[in-house]
Each structure stands twice: as structure tokens, then as C-alpha cells.
Amino acid sequence: MSENQRPVRVRFAPSPTGYLHVGGARTAIYNYFYAKAMGGTFYLRIEDTDRKRYNEAALHDLLRDLKWLGLQWDEGPEVGGPYGPYFQSERLDIYARAVESLLEKGLAYYCFCTEERLEEVRKAQEASGQAVSGYDRKCRDLPLAEARARLAAGEKAVVRFKIPLDGVTGFVDQIRGSIETRNALLDDLVILKRDKYPTYHLASVVDDHAMGTTHVLRGDEWISSTPKHVLLYQALGWEPPVFCHLPVILAAGGGKLSKRKGAASVGDFRDQGYLPETLVNFLALLGWNPGDDREVMSLDEMIAKFTLDRINPKAAAFDEKKLEWMNGQHIHRKDTAWLAQYLRENLEAQGVDTASVSQEKMIGIADLLKTRVHFLKDLPGMSRYFFIAPETYDEKARTKAWGPGSRQTTTAVREQLAQLSSFDAPSIEQAFMSVCTRLDAKLGVLVHPVRLAVSGVAAGPGLFELLEVIGQAEVLRRLEIAEPLMG
RNA sequence: GGCGAGUUCGUCUAGCGGUCCAGGACACUGGCCUCUCACGCCGGUAACACGGGUUCGAGUCCCGUACUCGCUACCA
């Protein structure tokens, strides 16, 4: 069966009941990648058929988070499209028609069993240790006319799908191969609930067909029900899409990912300071690899290499250490002007007035610091001393760097620096060197006290570059302030 | 319980019968660079769940066992 002539249409179909989980995010990522890689369409469909669990805020956050990740959908909420509506709650008549046709063909039936009775049946089966559990099909052979009469009389019913009593149903999963199940093991599933809303099984099958879906990439919790879906496609006379079930994402020690174990939702990671490109890159690599050793990649680079057959069927644990490393890598690759802009905006919150600071200086700072942070939000605090003279000097560094003689060498350096007509890193280095020879001292002896005096801390970018960015007058001023403190 | 899926270094993974005494990345660690901290570079420790087959040959194929996860809802 090679009907891959049809343009690829894939979807992300979340249920707006909670926050966008990283597992869901990765499902969205793979769908998005596949659509883009194949020149197809990525649409967003909201599966809001569970009225009890529906959550307006969750829907809002979901759309926000997908956009933040950069996974803009081609069709769906807010943007519309030719296959709408994209909310299942607005497609009830479409499901009703499908149900009606199944009913007419005798492939589905009304079931009047109460939840209490179903519960009893379940209990009885458990007690007898029966192999096959599930609905006992009491209403399966109820004549349609009789059922309709009872409905007309005011009785309530659900609609169940008639699973063939024997035979085998299978499908080919794109990443796992052939999967088969004996029909006898399958339950006559409910397809239309008492409240006239469809269940997931019916709604997803009807919509995936109606919306022209060519490939279904979804979580592997659906593997067990896929044969039921295949049977539904057959009953409705439709060609099933290609299925591809994605493995779950586990917490670091194994087990479910949760807020308690750190973070679980896209929002959590955003709040922690991760870049969207980091999260997409990392999540994509959790269960997929590009076929070479590349790891740090942009969205476009990943799309260019994305294929379904390189998805791994194995569940993967989420390693935050690697995520953090990767975030540093992405910050490193960020455009310096962009980082400078970020700095400017976030420095205000630190009480630093950046209005008078030149763009050139901002870029210089961003350039010096970008290999030194794993999180963007650490940048403003780390750059503080470029704008404001240190109010305190790191205590530990002080005892180490400011020893006997520090004052003398620092003064010598200051006097040398004061004579510079051009205050750039190479000239500054030369100045230091000449003091070194004159005093017969090693460079480190001069550098450490000066660094602490100027920045207040022991670690940071190369001192010459740092001094250049701070500027001659300010450097001299800071040195003068610190010298008396050196003892 | 039944059914299904999965199982390579601590973690993410490469591997699609011989080129694997198993390769890359994170973490850990030794070193280089160097004015410090990062970055970068060079090196090290560390894995084919177990047991049977098939084969001249198995991490790679088959069958069991174990473990993990999922489904077994008028939730998705």
C-alpha cells in the first residue's frame, strides 16, 4: 500500500484539561517536524468532548505554549482552515451522522445498561477470575426499532460499536511494525455517550478521516485501542491513516514526570529560564536522532533531517542536567544583538539605568558573558558590575587576592593605565606587561587584585576585555576606591 | 488477572548477522589552554536484562523468563 501521493496532513489533538506536558509537547514537535519535512500541513484540533474535565485556562495556556515553542499550526483555533471547525464540541452533528450510519448498518447498537449494572458485571467477572473482561454485550442484539421506541419513551442510552466476535485485527505501526489483536479480546466500546458527545475513539476516527489526516503520530498509550479504531474505519468504509505511536517520557529516576520531581509542563521550563529552542531540541532528541552525531540543532536543521524511521520505540528518561547544558549551548549560539537587547530590558529590573549605555557596550558585555551562563536570567545579575561599581567585595576572594603587596602593585597598574591614550584590550595588556617587567612580578599577581577591585568577584571574563568595556575613567576610579581596602 | 509495548554505559542514544574486546553526547573524572570562571580541545571510568535456540558467526533473528510502562472508563 503505497498511497503516499497524498500530501501529508498531520495533527496535534490535545484535550484541554491541564497544562501542556512535555510528553504532549514532544508529540506536537514530531507532528510539526513531519509536516514541515514533507511539505505538508500541521493542524491543531481541540478534543474537548469531555465536558467534565474541560478547562478554559488550559486551552489558553496550550495555545500560548505551542506558539512559544515555535510550533505554529497551519490550521486550527485562531487561524481557521478549510476543514473546520477545529473544536470537537462544535462537530457533534458530524459524529451523529457517523453513528447513525453505523446503527443503520447494524454495526452499532443502543445500550441501555446502567453504570451500576456495568459495575456489577465487572465485579462478577473479577470474582470468577474470568479471562475476558468488559461489557457482556447484553444489548447487542436488541432490535433497532425496539431501541428507538424505548428512546422515544424517554429512556437514555449510549451507542456501542459491535466488535466482530472472532477474527484478528492488526495494523502496521511505522516505528514498531505489525501489531495484531484477536477481536475476541476487544470490548464493544461506547462511541456515543449518554450526553450525546462522542468518545475519543469515535471522534478521533471520524475527524482524522474528515480532516484528511494521512499520519497519526500519538502517544503509545493508544496502541491497545488502535485495533478498535481500525475496525471503526472499516465499518465506516474508510481507509485508516498511517499510525505511529510515540514512547512516553519518564522522570529522571523512572516513573511519571511530575511537578514534584522538578518540572513537567512546558510552562514550568519556561519559568525556569529555558529557551524554547532548547526545549524543542532536547525533547526532539528524546526518542529521535538525526542519524549523525549532531545534537545542538536549530528547528530548521532538525526538520531537514527528520524522518519517522529514526524515532525510537523506547521510553526515555528526562535528564535535566543535559537540558541545562543544552540551554547554555543555545545561549552561546544566540545572536549577540539579541542578547544585548535582552540585557537592556532586564537590567531595568535590577535597578540599572541603561538608557545612556551604548548598544556597542551592551553587545560587548553580551559577548563576554554568553559562554558563562546556562540560563538567560543569570545574565543581568552577572553583568551588574559593568554598570555599577562594586559595593562589596567577595569575602573569600578578598582574603585570597588581596594580600600584602596588592596595594602597591595595583597602584602601579593604575598609574600605568592612566597613561594610556587608547583604552582597548591589547593596550591594556601591554600596560600590564610593562608593570610585570618593571616589578618583576607574574601577571597573576597583578591581575587578581585588580579584577576583584573592579568587579567585586573573583570569576569572570578575561580581565583586559573586561576593563576595556568598563572604560578607562571608571576603572581608574574603582581602583582608587579599592586600594585603601587592600591593607 | 488478561492483553499489548519496551529492555545497549547512571541518563539520552548509534548499532539494522561478521568492520563492535560496542561509537557519540550529558554527568563524573585526569590533563591542555589560561589572569580567574566559563568556553574550547585531548584523554579516562562506565552498557548489549537473563536463559535457551537459529547460524560458521548474534547487541543485531526466534522462543521463553524477569522487570518497566500502557490499556482493560459513558477520560483522553
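Naming convention: chains lettered A, B, ... in sequence-line order (proteins, then strands); numbering from 1 in each chain. Just the heavy atoms: all of them, side chains too, but no hydrogens, waters or symmetry mates, feed the values below.
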Determine the contact category for His245(A): base if any of its heavy atoms lies under 4.0 Å from a base atom, sugar-phosphate if only primed atoms, P, OP1 or OP2 are that close, otherwise nothing. nothing
Calculate the interatomic distance between Asp136(A) atom CG and U72(B) atom P; express it in whole Å. 18 Å
Quick one: which of C74(B), C12(B), C37(B) gets closest to the side chain of Lys314(A)? C12(B)
note: Arg137(A), atom CZ; U72(B), atom C1'; distance rounded to Å ~ 14 Å
Tell me what Gly255(A) touches on the nucleic acid: a base, only sugar-phosphate, or nothing, going by heavy atoms under 4.0 Å. nothing
Taking the C1' atom in each of U72(B) and U65(B), what is the distance between them to the nearest angstrom? 24 Å
Between G51(B) and C37(B), how many Å separate the two P atoms, rounded to a whole number? 48 Å
If we ignore angles and hydrogens, is there a donor and acceptor under 3.5 Å between the side chains of Ser427(A) and Asp424(A)? yes
So which nucleotide does C41(B) pair with, by the Watson-Crick or G-U wobble rule with both distances under 3.5 Å? G31(B)
Integer-rounded Å distance: C71(B) P and Tyr200(A) OH: 12 Å
Just the table, please: protein N/O against nucleotides 27-31 of chain B N/O, every pair under 3.5 Å.
none

Listed once per pair and sorted, the salt bridge (charged side-chain N to carboxylate O under 4.0 Å, His left out) pairs that draw on residues 393-403 of chain A, sequence neighbours left out: none
With both distances under 3.5 Å as the test, what is the Watson-Crick or G-U wobble partner of C26(B)? G10(B)
Presence of Lys442(A) side-chain N/O under 4.0 Å of U36(B) phosphate oxygens OP1/OP2: no
What distance, rounded to whole Å, do you find between the two C1' atoms, one in U60(B) and one in U7(B)? 14 Å
Strictly below 4.0 Å: does Thr49(A) bring a side-chain N or O up to OP1 or OP2 of A76(B)? yes
Answer whether the closest heavy-atom distance between the side chains of Thr199(A) and Lys193(A) falls below 4.5 Å. yes
Nearest whole angstrom, please: distance from the P of G4(B) to the CG of Leu186(A). 11 Å
Can you tell me which residue pairs pass the salt bridge (charged side-chain N to carboxylate O under 4.0 Å, His left out) test with a partner in residues 47-60 of chain A, sequence neighbours excluded? Arg45(A)-Glu47(A), Asp50(A)-Arg53(A), Arg51(A)-Asp195(A)
Between Arg51(A) and C75(B), is there a contact of a side-chain N or O with OP1 or OP2 at under 4.0 Å? no
In whole Å, what separates the C1' atom of C20(B) from that of U13(B)? 16 Å
With a 4.0 Å limit, can you tell me whether Asn289(A) has a side-chain N or O closer than that to the phosphate oxygens OP1/OP2 of G24(B)? no
G15(B) OP1/OP2 closer than 4.0 Å to side-chain N/O of Arg310(A): yes
In whole angstrom, give me the gap between the P atoms of C74(B) and C12(B). 35 Å
Considering just the side-chain nitrogens and oxygens of Gln329(A), establish if one lies under 4.0 Å of OP1 or OP2 belonging to G40(B). yes
Between Glu474(A) and Arg478(A), is there a side-chain N and carboxylate O pair less than 4.0 Å apart? yes
Check the distance between A73(B)'s C1' and Glu119(A)'s CD and give it to me in whole angstrom. 10 Å
If the P atom of U8(B) is compared with that of C3(B), how far apart are they to the nearest Å? 25 Å
Roughly, in whole Å, what's the span from CG in Leu185(A) to P in U72(B)? 14 Å
Are side-chain N/O atoms of Thr411(A) and Glu483(A) paired as donor and acceptor at under 3.5 Å? yes
Find the distance Tyr197(A):OH to C75(B):C1' and express it as a whole number of Å. 15 Å
I want to verify a distance call: between C39(B), C35(B), C74(B), whose nearest atom is closest to the His332(A) side chain? C39(B)
Least distance between heavy atoms, Arg294(A) atom then Val296(A) atom: NH2-O, 3.0 Å
Measuring only the P atom in each nucleotide, how far is A49(B) from U11(B)? A whole number of Å is fine. 12 Å
Touch class at under 4.0 angstrom, heavy-atom based, for Phe464(A) against every strand present: base
Using the side-chain heavy atoms of Val158(A), tell me which of these nucleotides is nearest: C74(B), U13(B), U11(B). C74(B)
So, do Phe282(A) and Phe318(A) have ring centers that fall under 6.0 Å from each other? yes
Whole angstroms only, please: what is the CG-C1' distance between Asn281(A) and C26(B)? 13 Å
Between Tyr274(A) and Phe375(A), ring centroids under 6.0 Å: yes
